Chemist: 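Submitted below is the structure of interest, expressed as structure tokens.
Treat the numbers as computed from the prediction; the structure is a model and nothing was measured.
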Amino acid sequence: MKLNVKKSILFALISALLILPDQWTKQLAVQYLSDGTSIPLIPNILYLLYVENRGAAFGILYGRQWIFYIITIVVLFSILYIVGRTPTDRRYRPLLLVSGLIFGGALGNFIDRVRQAYVVDFIYFRPIDFPVFNVADIFVTVGCFALVLLFLFYYKDDDFDFVKRRKDDH
């Protein structure tokens with residue numbers, strides 16, 4: 001299997017373009033919100049609120065960073081494997097895009113976990129007391145939702161035969 005440079009550059013560009021706003025907004029949160037300031041964007045609905053998340057949503061697995069390291073590394077390498085095997089046909093561009101969303105978001109939070117042992121969260125949706133989240137979480141959530149939609153309505157089972165094929169079957 002040959003490395004497709006154009007596809008690889010596109011995937012890397014998507015991922016990098018997502019990591020930048022994620023890391024930038026987290027830095028802004030640290031700079032302007034870490035003193036306990038809460039900024040209402042839409043009063044009683046949406047707030048900016050600084051949280052150092054040392055677990056997952058709702059504080060699950062609090063302080064068990066090694067689990068997140070392992071899961072993230074497996075997810076990142078799985079995405080790279082699938083992207084590497086994905087045909088260059090136009091039909092697979094949506095798959096590359098949503099893979100880039102998930103990869104960029106996962107890598108954005110992974111960078112936080114490695115650098116400081118927690119993820120900076122700062123977006124709070126108050127009406128349902130939703131866990132505080134960040135831009136990377138949005139990318140992962142939107143990417144996963146879009147991936148489900150692609151699996152349900154766009155791709156067929158045999159569209160993914162490329163994942164199972166051996167390298168020398170090309």
Chemist: For Tyr154, does the OH atom have more than 12 heavy-atom neighbours from other residues, nucleotides or ligands under 6.0 Å away?
Modeler: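 It does: Tyr154 OH has more than 12 such atoms within range.
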Chemist: Taking ring pair (Phe, Tyr, Trp, His ring centres under 6.0 Å) as the definition, give me every residue that meets it alongside Phe151, ordered by chain and number, with sequence neighbours left out.
Modeler: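 Expected list: Phe160.
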Chemist: With heavy-atom distances below 4.5 Å as the criterion, would you say the side chains of Val142 and Ile102 are in contact?
Modeler: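 Val142 does not reach Ile102 side chain to side chain.
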Chemist: Identify the heavy atoms of Lys7 and Val83 that sit nearest to each other, and give their distance.
Modeler: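 Closest approach of Lys7 to Val83, heavy atoms only: NZ-O, 2.9 Å.
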Chemist: Going from CG on Asn109 to CG on Leu107, what distance comes out if it is rounded to the nearest 0.5 angstrom?
Modeler: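 These two atoms lie 9.5 Å from each other.
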Chemist: About how many Å separate CD1 of Ile14 and CD1 of Ile19, when rounded to the nearest 0.5 Å?
Modeler: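 So the CD1 of Ile19 and the CD1 of Ile14 are separated by 12.0 Å.
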Chemist: Under 4.5 Å between side-chain heavy atoms, hopping through other hydrophobics if needed: is there a path connecting Val163 to Val148?
Modeler: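 They do not share one cluster, since no chain of ILVMFWY contacts under 4.5 Å joins Val163 to Val148.
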Chemist: Please walk me through it: do Asn53 and Tyr118 pass side chain to side chain contact (heavy atoms under 4.5 Å, CB included)?
Modeler: CA-CA 5 Å; Asn53 184 351; Tyr118 59 86; 5.7 Å; no
Chemist: Go through it in stages, so that I can follow the logic: the residues are Phe133 and Thr141, the test is side chain to side chain contact (heavy atoms under 4.5 Å, CB included), and I'd like the CA-CA distance, side-chain angles, deciding distance and then a yes or no.
Modeler: CA-CA 11 Å; Phe133 57 98; Thr141 302; over 6 Å; no
Chemist: When rounded to the nearest 0.5 angstrom, what is the spacing between CG in Leu101 and OG in Ser15?
Modeler: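 Spacing of CG (Leu101) from OG (Ser15) equals 8.5 Å.
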Chemist: Check whether any side-chain heavy atom of Phe110 sits under 4.5 Å from a side-chain heavy atom of Tyr69, and report yes or no.
Modeler: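 SC-SC contact between Phe110 and Tyr69 confirmed.
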Chemist: Are Leu152 and Leu97 linked, directly or through intermediate hydrophobic residues, by side-chain heavy-atom contacts shorter than 4.5 Å (ILVMFWY only)?
Modeler: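 Shared cluster, no.
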Chemist: Is there side-chain contact between Gln23 and Arg115, with heavy atoms separated by less than 4.5 Å?
Modeler: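 Answer yes - side chains close enough.
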Chemist: Would you call Phe145 and Leu149 a side-chain contact if the rule is heavy atoms closer than 4.5 Å?
Modeler: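 Heavy-atom side-chain distance check passes, below 4.5 Å.
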Chemist: Between atom CG of Leu46 and atom CD1 of Ile123, what is the distance when rounded to the nearest 0.5 Å?
Modeler: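 These two atoms lie 7.5 Å from each other.
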Chemist: Report the residues that fulfil ring pair (Phe, Tyr, Trp, His ring centres under 6.0 Å) with Tyr92, sequence neighbours left out, ordered by chain and then residue number.
Modeler: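 Listed in chain order: Tyr155, Phe162.
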Chemist: How far does CG of Leu96 sit from OG1 of Thr86, to the nearest 0.5 angstrom?
Modeler: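 Answer for the CG-OG1 pair, Leu96 versus Thr86, is 5.5 Å.
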Chemist: Main chain of Val119, side chain of Glu52: is a donor-acceptor contact present, judged purely on distance under 3.5 Å?
Modeler: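 Pair absent, no side-chain N/O of Glu52 close to backbone of Val119.
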Chemist: Other than Tyr124, which residues form its hydrophobic cluster under the rule that side-chain heavy atoms must be closer than 4.5 Å?
Modeler: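 The other cluster members (ILVMFWY side chains, heavy atoms under 4.5 Å, direct or chained) are Tyr47, Leu49, Val51, Val132.
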Chemist: Does Phe153 share a hydrophobic cluster with Leu95, counting links as ILVMFWY side-chain heavy atoms below 4.5 Å and allowing steps through other members?
Modeler: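 No: no chain of side-chain contacts under 4.5 Å links Phe153 to Leu95.
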Chemist: Please check this pair: side chain of Asp159 against backbone of Lys156, looking for a donor-acceptor N/O pair closer than 3.5 Å.
Modeler: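 Side chain of Asp159 to backbone of Lys156, a donor-acceptor pair under 3.5 Å: yes, one is there.
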Chemist: Output yes when a side-chain donor or acceptor of Thr25 lies under 3.5 Å from a complementary backbone atom of Asp22, and no otherwise.
Modeler: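 Checked: pair present.
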Chemist: Would you check if Leu20 and Trp24 make a side-chain contact, meaning some heavy-atom pair closer than 4.5 Å?
Modeler: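 Result no, sub-4.5 Å side-chain heavy-atom pair not found.
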Chemist: Identify the heavy atoms of Lys26 and Ala136 that sit nearest to each other, and give their distance.
Modeler: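 Distance-wise, the nearest heavy atoms are NZ-CB, 4.2 Å.
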Chemist: Are any side-chain N or O atoms of Asp89 and backbone N or O atoms of Arg91, one a donor and one an acceptor, separated by less than 3.5 Å?
Modeler: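 Here the side-chain-to-backbone pair does not exist.
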Chemist: Check the surroundings of atom OH in Tyr32: do more than 12 heavy atoms from other residues, nucleotides or ligands lie under 6.0 Å from it?
Modeler: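 No, OH of Tyr32 has 12 or fewer neighbouring heavy atoms, counting only those of other groups under 6.0 Å.
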Chemist: Looking only at atom types and distance, does a side-chain atom of Asp137 sit under 3.5 Å from a main-chain N or O of Asn134, one as donor and one as acceptor?
Modeler: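 Indeed, once roles are kept as given, a pair shorter than 3.5 Å links the two residues.
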Chemist: Give a yes or no on whether Leu17 and Ile9 share a hydrophobic cluster (residues Ile, Leu, Val, Met, Phe, Trp, Tyr; joining criterion: side-chain heavy atoms under 4.5 Å apart).
Modeler: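 No; Ile9 is not reachable from Leu17 via cluster members.
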Chemist: Is there side-chain contact between Val30 and Phe122, with heavy atoms separated by less than 4.5 Å?
Modeler: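 No, every pair of side-chain atoms sits at 4.5 Å or beyond.
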Chemist: Take a 6.0 Å sphere around CG of Asp158 and say whether it holds more than 12 heavy atoms from other residues, nucleotides or ligands.
Modeler: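 Result for CG/Asp158: enclosed.
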Chemist: Where the side chain of Thr37 meets the backbone of Leu33, is there a donor-acceptor pair that is under 3.5 Å apart?
Modeler: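 Not at all, since once roles are kept as given, no pair shorter than 3.5 Å links the two residues.
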Chemist: Run the side chain to side chain contact (heavy atoms under 4.5 Å, CB included) check on Asp35 and Tyr50 step by step: do they pass?
Modeler: CA-CA 8 Å; Asp35 64 353; Tyr50 179 82; over 6 Å; no
Chemist: Got a donor-acceptor contact below 3.5 angstrom from the Asp112 side chain to the Val120 backbone?
Modeler: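 Checking the backbone N and O of Val120 against the side chain of Asp112, a donor-acceptor pair under 3.5 Å is found.
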Chemist: As an exercise, state the distance from CG of Leu18 to CG of Leu13, rounded to the nearest 0.5 Å.
Modeler: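 Leu18 atom CG to Leu13 atom CG measures 9.5 Å (nearest 0.5 Å).
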Chemist: I need the minimum non-hydrogen distance between Ala106 and Leu76, along with the two atoms involved.
Modeler: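 Taking Ala106 first and Leu76 second, the nearest heavy atoms are CB-CD2, 3.9 Å.
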